[in-house]
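When a ligand or atom number is given, it counts from 1 through the structure's own listing order. Positions are given from 1 along the sequence.
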Amino acid sequence: MINQVYRLVSPRRFEISYLDQSVQTEDVIVRPTYLSICAADQRYYTGSRGKEVLSKKLPMALIHEGIGEIVYDPLNEYPQGTRVVMIPNTPIEEDEIIVENYLRSSKFRSSGYDGFMQEYVFLGRDRFIILPESINNEIASFIELNTVAMHAITRFQAKSHNRRTTFGIWGDGNLGYITSLFLRKIYKDAKIYIFGKTPYKLQNFSFVDDAYLISDIPETLTIDHAFECVGGVGSQYAINQMIDYINPEGTISLLGVSEYPVEVNTRMVLEKGLTLFGSSRSGYVDFKKTVDFLDQHPDVVENLARLVDSVNEVKTIEDIVNTFEKDLSVSWGKTVMKWNK
Ligand SMILES: NC(=O)C1=CN([C@@H]2O[C@H](COP(=O)(O)OP(=O)(O)OC[C@H]3O[C@@H](n4cnc5c(N)ncnc54)[C@H](OP(=O)(O)O)[C@@H]3O)[C@@H](O)[C@H]2O)C=CC1
Ligand SMILES: O=C(CO)[C@H](O)[C@H](O)COP(=O)(O)O
Ligand SMILES: [Zn+2]
């Protein structure tokens, strides 16, 4: 069958490619319905990844956060119209130690491999999770970002000591919001502190114990463990501030993506015996865990609604460009596309 794929060909320019894709596989065919823009997509759209990376990765369909409806299952296991969240990581091998999202051979959609901006997405039979009714389309569109937070918290649990009484999350944006919200739910008795730059953004974090401007942190404050959800140039300042405020032997979970290497105060990392570890993307187990978690906690889903900034009907390439531009112009929340292709 002929599939229309909406690819970024150069910064701010999309074109349609017509691909002849075989239906003689066990793949399930999904029609995307609601998609959400990630900071990583914007780095490709605006060209901030730099010429060398762009020349290797483009043309490429963007978007790795999204849901859809099954239109065809060759094995007749799933009825037409089944609502699913799509998993962007596509492993091509298994390893008994390394999880799928860290295998260098895995393909990740919208990072060198076509993302979800397509008329139909062909998914392996373990590359989706059926959605419960408790999660609406708009919120479900960015479940992938939730799975990244869930994955990082799971890794934190495996790598940290057991004193988990105070958490500091740096980054008053989408990922910081979701990570704080999940930690709040999982560690009910712990103190959860959010650290950011903008008072009106911090006001959204109504479920935390305290919100601090990074220019105004009490000197006596300490935290057991920290999560960095900043990325870019700001992550250097954030990481070094975490190192200053964290208690000895704490863990610092790094999630923000930086284009350039950042300088870290390793002397204090050594003196305090800190553990710094990175977390990137997620896999099937994280999607399953996250969907179950959201289904079991309707109050968490309710809080996620605060992250939906706008829902934009997309029918044409002009709509796609307008939606990406709109996303660049807002400073809070997620830009969702109602994908009518
Ligand atoms: N590891 C992974 O798999 C994933 C990583 N990411 C990455 O995580 C990062 C955050 O993503 P997202 O939340 O969507 O982006 P946002 O832009 O929504 O959030 C980042 C926030 O951090 C704030 N900030 C800047 N400097 C500091 C600082 N020193 N201390 C505290 N806060 C600061 C920013 O404020 P201001 O805008 O005013 O500068 C902004 O509000 C990005 O780099 C993104 O690419 C995202 C998804 C998955
Ligand atoms: O957003 C992400 C996962 O949700 C990752 O940060 C993103 O995949 C990084 O990819 P790239 O190297 O292409 O920026
Ligand atoms: Zn992302």
Side-chain angles (χ1 to χ4, degrees), residues 8 35-46 48-50 53-54 56-58 60 62-66 86-90 101-102 106-113 115-116 141-153 155 168-181 193-202 204-205 211-217 226-242 244-245 253-260 262 277-283 286-287 290 307 309 327-335:
L8 184 76
L35 306 176
S36 173
I37 300 176
C38 172
D41 297 310
Q42 284 293 8
R43 291 191 289 267
Y44 291 109
Y45 175 74
T46 57
S48 70
R49 288 303 308 270
V53 172
L54 295 180
K56 274 193 202 136
K57 301 208 180 199
L58 303 190
M60 167 176 82
L62 298 182
I63 303 293
H64 54 265
E65 301 177 2
M86 301 180 281
I87 301 176
N89 191 57
T90 311
N101 43 316
Y102 298 112
S106 293
K107 294 172 170 179
F108 192 82
R109 291 183 185 268
S110 92
S111 181
Y113 180 60
F116 297 142
S141 71
F142 57 91
I143 280 179
E144 190 270 347
L145 187 58
N146 290 258
T147 67
V148 168
M150 185 61 87
H151 174 72
I153 293 171
R155 278 161 73 72
I169 301 96
W170 266 254
D172 50 4
N174 306 310
L175 191 55
Y177 185 89
I178 295 168
T179 305
S180 316
L181 184 60
Y193 302 139
I194 180 75
F195 298 85
K197 279 170 58 183
T198 316
Y200 92 84
K201 292 195 203 177
L202 289 172
N204 287 302
F205 293 70
Y212 295 103
L213 284 171
I214 53 169
S215 53
D216 199 14
I217 306 177
F227 288 77
E228 181 268 323
C229 303
V230 175
V233 284
S235 60
Q236 177 168 324
Y237 190 77
I239 293 166
N240 288 312
Q241 214 167 37
M242 292 170 170
D244 289 343
Y245 285 96
S253 178
L254 304 173
L255 285 113
V257 178
S258 299
E259 227 44 67
Y260 302 102
V262 299
F277 67 96
S279 286
S280 182
R281 305 174 177 168
S282 58
D286 306 298
F287 272 78
T290 305
L307 272 187
D309 179 68
D327 181 63
L328 287 173
S329 71
V330 294
S331 59
W332 172 259
K334 299 291 292 177
T335 303

Heavy-atom side-chain contact between Phe195 and Tyr245 under 4.5 Å: no
Check: Glu144 and Phe287 side chains under 4.5 Å, non-hydrogen atoms: yes
Side chains of His151 and Ser282, donor plus acceptor under 3.5 Å: no
Side-chain donor or acceptor of Glu259 paired with backbone N/O of Ser48 under 3.5 Å: no
Sub-4.0 Å atoms of ligand 2 with respect to non-hydrogen atoms of Glu144: 3 (C), 4 (O)
Test item: Phe116 and Ser110 side chains (from C-beta on) under 4.5 Å apart, heavy atoms: no
Close-contact set for ligand 2 against Cys38 heavy atoms, below 4.0 Å: 1 (O)
Sorted by chain and number, the residues that approach ligand 1 to under 4.0 Å with a heavy atom: Ala39, Arg43, Leu145, Val148, Trp170, Gly171, Asp172, Gly173, Asn174, Leu175, Phe195, Gly196, Lys197, Thr198, Lys201, Ile214, Cys229, Val230, Gly231, Gly234, Tyr237, Ala238, Leu255, Gly256, Val257, Ser279, Ser280, Arg281
Side chain proximity check, Phe227 to Leu175, heavy atoms < 4.5 angstrom: no
Working for ring pair (Phe, Tyr, Trp, His ring centres under 6.0 Å), residues Phe205 and Tyr177: CA-CA 7 Å; Phe205 293 70; Tyr177 185 89; 5.2 Å; yes
Close-contact set for ligand 2 against His64 heavy atoms, below 4.0 Å: 1 (O), 2 (C), 3 (C), 4 (O)
Tyr44 neighbourhood, listing ligand 2 atoms whose heavy-atom distance to it stays under 4.0 Å: 11 (P), 13 (O)
Ligand 2 to Ser111 polar contact by distance, N or O atoms, under 3.5 Å: yes
Contacting atoms of ligand 2, where contact means under 4.0 angstrom from a heavy atom of Val257: 6 (O)
Chi angles and distances behind the side chain to side chain contact (heavy atoms under 4.5 Å, CB included) call for Ile214, Trp170: CA-CA 9 Å; Ile214 53 169; Trp170 266 254; 4.0 Å; yes
Residues Arg281 and Ser106: side-chain donor-acceptor under 3.5 angstrom: no
Under 3.5 Å donor-acceptor, Arg155 side chain and Gly278 backbone: yes
Ser280 near ligand 2 by a heavy-atom separation under 4.0 Å: no
Arg43: numbered ligand 2 atoms lying under 4.0 Å from its heavy atoms: 14 (O)
Ligand 2 contact by Glu65, heavy-atom criterion under 4.0 angstrom: no
Atom 10 (O) of ligand 2: nearest protein contact (heavy atom, Å): Arg281 NH2, 3.0 Å
For Arg49, the ligand 2 atoms whose distance to one of its heavy atoms is below 4.0 Å: 11 (P), 12 (O), 13 (O), 14 (O)
Asn89 backbone acceptor or donor facing Asn101 side chain under 3.5 Å: no
More than 12 heavy atoms of other groups within 6.0 Å of Tyr260 OH: no
Any side-chain heavy-atom pair of Val257 and Arg43 under 4.5 Å: yes
Cut-off under 2.8 Å, centre the Zn ion (ligand 3), protein N/O/S atoms: Cys38 SG, His64 NE2
Pairwise side-chain contact, Glu65 with Ser141, heavy-atom cut-off 4.5 Å (strictly under): no
4.5 Å side-chain heavy-atom contact, Lys201 and Ile194: no
